[in-house]
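None of the values given here were measured: they were computed from a predicted structure. Below, read A as the first sequence line, B as the second, and so on, with proteins coming before strands; counting in each chain starts at 1.
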Number of protein chains: 2
Amino acid sequence: MYLRALSFMPEQDSEYVSSKDIADLLHIHSPQVRKDLSYFGAFGTRGTGYKISDLRKHVRKALKLDVVQKAVLVGVGKLGTALTSYPGFKMYGFDIAAAYDASEKRIGKKIGSVIIEDVAKLENIKNEDIKLAILAVPAENAQNIADILVACGIKGILNLAPCYLKVPKRVKVITIDIAVELSVLPYYT
Amino acid sequence: MYLRALSFMPEQDSEYVSSKDIADLLHIHSPQVRKDLSYFGAFGTRGTGYKISDLRKHVRKALKLDVVQKAVLVGVGKLGTALTSYPGFKMYGFDIAAAYDASEKRIGKKIGSVIIEDVAKLENIKNEDIKLAILAVPAENAQNIADILVACGIKGILNLAPCYLKVPKRVKVITIDIAVELSVLPYYT
DNA sequence: TCCTGTGAAATCTTTCACAGCT
DNA sequence: AGCTGTGAAAGATTTCACAGGA
């Protein structure tokens, strides 16, 4: 969140931001910003604020986004395709280094800079240095694919299927279910 | 979350679930489930658990999902298109009742059961009983569209653009930025 | 015996308020 | 004067533990 806020603050305007500047942009309070950033270490300047370029570097490093993170995309349907053309990925240092799908229509086609491979050969990712996976397959197949990914040494899964995945504790799963997010809106109307 | 958990529990198996059943499925603790559900009122049976059909009805009602919620989709690009074919929406009682886009290529085409209209005519939604909007447009246009939606009386916005929206307090915005979610994964690797 | 509902305790998070540096 | 960094206070959430109904 802070990284994205920083992306809206070109250094041309000013070299420094205050916690209040960031807070206003994110609609949160400034002590929150200072507390959060202080967990990464103290690198602001009293009286002046945070140097934008330094802050960006520190946050990227804390999140391990300072090196390019390779990710495999499994499921190149409409959602999967939409994701690859999403500019945000590159901004945060992600690289979709491989793509797999079950549909013959899609296998062999190019998406971004990679060729879509047969999901039956998903185990090939073992040979590449890929630690993250984006799972955009139907809910019915998600657990099955997740098991293979885990066996291949994947450490983190972004799950876009509306289901819960059983994985070992060492693997981090983040599930985004758009309908669940949408579900809370009527409550506020 | 609880609603989705219930969708995995067909009543054929057993008429009742315990808070522990639900907790295990969602990877949370059972007192959490009981506390949460108790805010909606007490409708479990001691010694037996919660009657699945009753629980579903109560949760749907509490979230105002017991009536069909009409939503307008703005931006029918890859992501917008992917969303309309997402089965989760119907499951939670959402109905995409209108769709708008800026591209001539897309205007006039059908998506789901509606015809894509010109976003310049977005104000037409005033005449329909639509309270929710799904915003799947580029970040540059998101605020502009949000302003129009607010002026049209929209009460809740699901924002899929990677940016922050300024809206009056009475309007609820939920932003999903997939790259932000993905960003936390490397931290755990 | 099994499981809910709920006060009380424990824990976690946010906000305050101010010392101290620039 | 302006803004960070941080203990302490306030607030919110989660977990415990158990009374009590089925």
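Atom CZ of A:Arg34 and atom P of C:dC21 are 16 Å apart (whole Å). Between A:Asp36 atom CG and D:dT4 atom P the separation is 13 Å, expressed in whole Å. Counting to the nearest Å, the C1' atom of C:dA10 and the CD atom of B:Gln32 are 14 Å from each other. When the C1' atom of D:dT14 is taken as reference, atom NE2 of B:His27 falls 18 Å away, rounded to whole Å. Distance NE2 (B:His29) to P (D:dC16): 7 Å, rounded to an integer number of Å. Regarding A:Lys20, its NZ atom lies at a distance of 11 Å from the P atom of D:dT4, rounded to whole Å. For the pair A:Leu26 CG and C:dT14 P, the interatomic distance rounds to 13 Å; values are reported in whole Å. As a whole-Å value, the separation of A:Tyr16 OH from D:dC3 P is 13 Å.
The aromatic ring centroids of B:Phe43 and B:His58 lie less than 6.0 Å from each other.
The side-chain contact (heavy atoms from CB on, under 4.5 Å) test with B:Tyr2 is passed by exactly one of B:Leu55, B:Leu25, B:Asp36: B:Asp36. The side-chain contact (heavy atoms from CB on, under 4.5 Å) test with B:Asp101 is passed by exactly one of B:Ile111, B:Thr81, B:Ile116: B:Ile116. Of the residues listed (A:Arg34, A:Lys35, A:Gln32), the one engaging A:Ser19 in a side chain to side chain donor-acceptor pair (under 3.5 Å) is A:Arg34, and it is the only one.
Side-chain proximity of B:Tyr39 to the nucleotides C:dT15, D:dT14, D:dT4 is greatest for D:dT14.
Residue contacts for A:Phe43: at a heavy-atom cut-off of 4.0 Å it reaches the sugar-phosphate backbone alone, with no base atom in range. A:Ser30 comes within contact range of no nucleotide atom at all, as no heavy-atom separation falls under 4.0 Å.
Of the possible polar contacts, one joining the A:Asn159 side chain to the A:Cys163 backbone as a donor-acceptor pair under 3.5 Å is found. Without hydrogens or angle criteria, B:Arg4 side chain to A:Val180 main chain gives no donor-acceptor distance under 3.5 Å.
A close approach under 4.0 Å does not occur between any side-chain nitrogen or oxygen of A:Ser19 and OP1 or OP2 of D:dC3.
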Measure all distances between protein nitrogen or oxygen atoms and nitrogen or oxygen atoms of nucleotides 7-9 of chain C, and list the pairs falling under 3.5 Å.
| residue | atom | partner | partner atom | Å |
| --- | --- | --- | --- | --- |
| C:dG7 | O6 | B:Lys35 | NZ | 3.4 |
| C:dA8 | N6 | B:Lys35 | NZ | 3.3 |

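A:Asp24 and B:Tyr164 share no side-chain donor-acceptor pair at under 3.5 Å.
Residues from residues 44-54 of chain B placing a heavy atom under 4.0 Å of any atom in DNA chain D, listed by number, are B:Thr45, B:Arg46, B:Gly47.
Atom OH of A:Tyr187 is surrounded by 12 or fewer heavy atoms from other residues, nucleotides or ligands within 6.0 Å.
Using a 30° and 60° split on the angle between ring planes, A:Phe94 and A:Tyr92 fall in the tilted class, from 30° to 60°.
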